[in-house]
Amino acid sequence: MSKPVVAIVGRPNVGKSTLFNVLAGSTISIVKDTPGVTRDRIYADCTWLNNNFTLIDTGGIEPDSKDIILAQMREQAQIAIDTADVIIFIVDVRQGLVDADSKVADMLRKSKKPVVLAVNKVDSMAKFGNDVYEFYNLGIGDPVPVSAASRLGLGELLDEVVKYFREDQYDDSEDDRPRIAIVGKPNVGKSSIINKLLGENRVIVSNIAGTTRDAVDTEIVRNGTEYIFIDTAGLRRKSKIKEDIERYSIIRTVTAVERADVVLTVIDAVEGITEQDAKIAGIAHDRGKGVIVVVNKWDAIEKNDKTIYEYTRKLKETLSYMPYAEYIFVSALTGQRMEKLFELIDMVRENQTLRVATGVLNEIVTEAVAMQQPPSDKGKRLKIYYVTQVAVKPPTFVIFVNDKELMHFSYTRYLENKIREAFGFRGTSLKFIIRERKEKD
């Protein structure tokens, strides 16, 4: 089940980042009393009354500004609006209704997305209550008075937001076709890869309505299996400032990854792996997806018998946080190794859904503990009672111990490595939950 996307939009300095931080539960956006301080979109996973959603913070919209930074922020906000399922439009009761608010409201009406109007900085209904009514003039619905700084009215605001979530909106539970997201920076060859796969397989292809998000779903049939490829390559160069272009790709990556089983992270072989590539790959890692790193344009590299090994070593150094990732070197232009992609996808899918019997799992863990004694602190040693697998996608294990504090990260990693040695799990992350269980007398 994929999550709806909620975007917070409005003019600069009306309190968007403060609201975002309160709803996200931590200080993620920089909050400063200067217009334009949030220059890029930031996202967080949120929950309200068992409704899970992805929240996007945006740079402020200045509809008529010719300032290059504000213009770029306006473009980012437009992408957030295009991507969102519900929009929170935030205005400032203390500034009152200004002309720019009306222009932003016109922009939102054109999107034809559900909009919830939040009137911020209403710290006192007695003082500001009557001023809230002025915002009915926007013609965008009933204003909801809130104070992000004082945490007032947020429940009422979220109640309005979740009314627009539909249970069937992203429910792919009955659709068991494998979903593969193709993510990466602009111009690394994402759409070229899909086009090559389509051309070589010569199948009947239908472009499926991809949801309200800016990603195109394409069905490709191979050996009787239907695969849904989620292409995020709709991004086009909108400014000459590279840093800002890279920021645009983040939220599209998040929404595509949410819907995928396996993620193909595409890297330009000529350019090499960059910090932005690592960030994009990290989104798939954080969400426990299967990960295949696809190095495209391999035909453009001068090679010797050691090139692929040296290149792989550099990739693994940069992506050291996900040692399980699979790597493949392809050329969408020539078709080199493109067929092998499907083999890797199938293997990673199998590993994502692999279940290990509790008895066999505990044999491996018992042997691992015998080989390397668990850590101790102040004379108390960690005891591992048993381990059991409780979920797939990603494979999730609960480890029952006598004291959670003694379970160091390094020892969890050691047990993970032993489990991988025994069962593989190539291409997928593993999740471990540590639970305490009191010893019986």
Side-chain angles (χ1 to χ4, degrees), residues 4-23 29 31 33-38 41 48 53 55-67 70-71 73-165 212:
V5 175
V6 178
I8 302 174
V9 302
R11 292 182 298 105
N13 210 32
V14 293
K16 295 184 300 298
S17 294
T18 304
L19 177 63
F20 175 84
N21 289 335
V22 171
L23 297 182
S29 287
V31 178
D33 200 21
T34 306
V37 81
T38 306
R41 250 179 351 270
W48 177 250
F53 59 96
L55 186 68
I56 313 169
D57 187 20
T58 67
I61 305 173
E62 283 281 18
D64 298 325
S65 174
K66 293 180 181 177
D67 178 275
L70 290 172
M73 288 161 56
R74 184 169 63 242
E75 287 176 351
Q76 289 189 56
Q78 183 63 59
I79 288 174
I81 291 166
D82 293 343
T83 308
D85 302 301
V86 184
I87 297 159
I88 298 175
F89 175 25
I90 186 165
V91 293
D92 186 337
V93 74
R94 300 187 186 205
Q95 293 178 21
L97 180 61
V98 299
D99 187 47
D101 287 327
S102 298
K103 290 181 178 177
V104 174
D106 290 340
M107 184 177 171
L108 296 177
R109 262 191 291 274
K110 289 175 186 173
S111 75
K112 298 184 179 177
K113 300 288 180 72
V115 178
V116 178
L117 177 61
V119 183
N120 194 27
K121 305 182 185 179
V122 184
D123 299 312
S124 164
M125 283 301 291
K127 187 175 180 180
F128 297 108
N130 290 333
D131 297 330
V132 172
Y133 294 109
E134 178 185 16
F135 292 93
Y136 273 105
N137 291 315
L138 289 171
I140 207 126
D142 296 335
V144 181
V146 301
S147 171
S150 303
R151 304 189 176 213
L152 298 174
L154 302 183
E156 290 83 353
L157 176 66
L158 290 172
D159 284 344
E160 290 302 311
V161 170
V162 300
K163 282 180 185 176
Y164 292 105
F165 296 172
T212 54

Cut-off 3.5 Å, no hydrogens considered: what does the side-chain donor-acceptor table look like for residues 144-151, sequence neighbours left out?
unit_1: S147; atom_1: OG; unit_2: D123; atom_2: OD1; d: 2.5
unit_1: S147; atom_1: OG; unit_2: S150; atom_2: N; d: 3.1
unit_1: S147; atom_1: OG; unit_2: S150; atom_2: OG; d: 3.3
unit_1: S150; atom_1: OG; unit_2: D123; atom_2: OD1; d: 3.0

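Side chains of P114 and I87 form no contact here, defined as non-hydrogen atoms less than 4.5 Å apart. Looking at heavy atoms from C-beta onward, V86 lies in side-chain contact with F165 at the 4.5 angstrom threshold. Here the side chains of I8 and I90 are in contact, with some heavy-atom distance below 4.5 Å. Between F20 and L55 there is a side-chain heavy-atom pair separated by less than 4.5 Å. Taking the side chain as every heavy atom from C-beta outward, L19 and L154 approach each other to under 4.5 Å. Side-chain contact between V116 and V6 is absent, with no heavy-atom pair separated by less than 4.5 Å. In this structure the side chain of N120 never reaches within 4.5 angstrom of the side chain of D92, judged on heavy atoms.
Screening D101, D99, D106 for a salt bridge (Lys or Arg N to Asp or Glu O under 4.0 Å) involving K103 leaves a single residue, D99.
Of the possible polar contacts, one joining the R109 side chain to the G139 backbone as a donor-acceptor pair under 3.5 Å is found. Judged purely by atom type and a 3.5 angstrom limit, R11 has no side-chain atom pairing as donor or acceptor with the backbone of A100. A side-chain donor-acceptor contact under 3.5 Å links K113 to the backbone of A84. Of the possible donor and acceptor atoms, one in the side chain of N137 sits under 3.5 Å from a partner among the backbone N and O of E134.
Shown here are the side chain to side chain contact (heavy atoms under 4.5 Å, CB included) partners of P143, two or more places apart in sequence or in another chain: L117, V119, V132, F135, Y136. For L158, the side chain to side chain contact (heavy atoms under 4.5 Å, CB included) partners at least two apart in sequence or on another chain are L23, W48, F53. Applying the salt bridge (charged side-chain N to carboxylate O under 4.0 Å, His left out) criterion to D131, with sequence neighbours excluded, gives no partner residue. With sequence neighbours excluded, no residue satisfies salt bridge (charged side-chain N to carboxylate O under 4.0 Å, His left out) with D159. Here E156 pairs with nothing under the side-chain hydrogen bond (donor to acceptor under 3.5 Å, both in side chains) rule; sequence neighbours left out.
When all heavy atoms of I140 and A105 are compared, the closest pair comes out as CD1-O, 3.7 Å. Heavy-atom minimum distance, D57 versus S17: OD2-OG, 2.9 Å.
M125 CE to N130 CG: the interatomic distance, rounded to the nearest 0.5 Å, is 8.5 Å.
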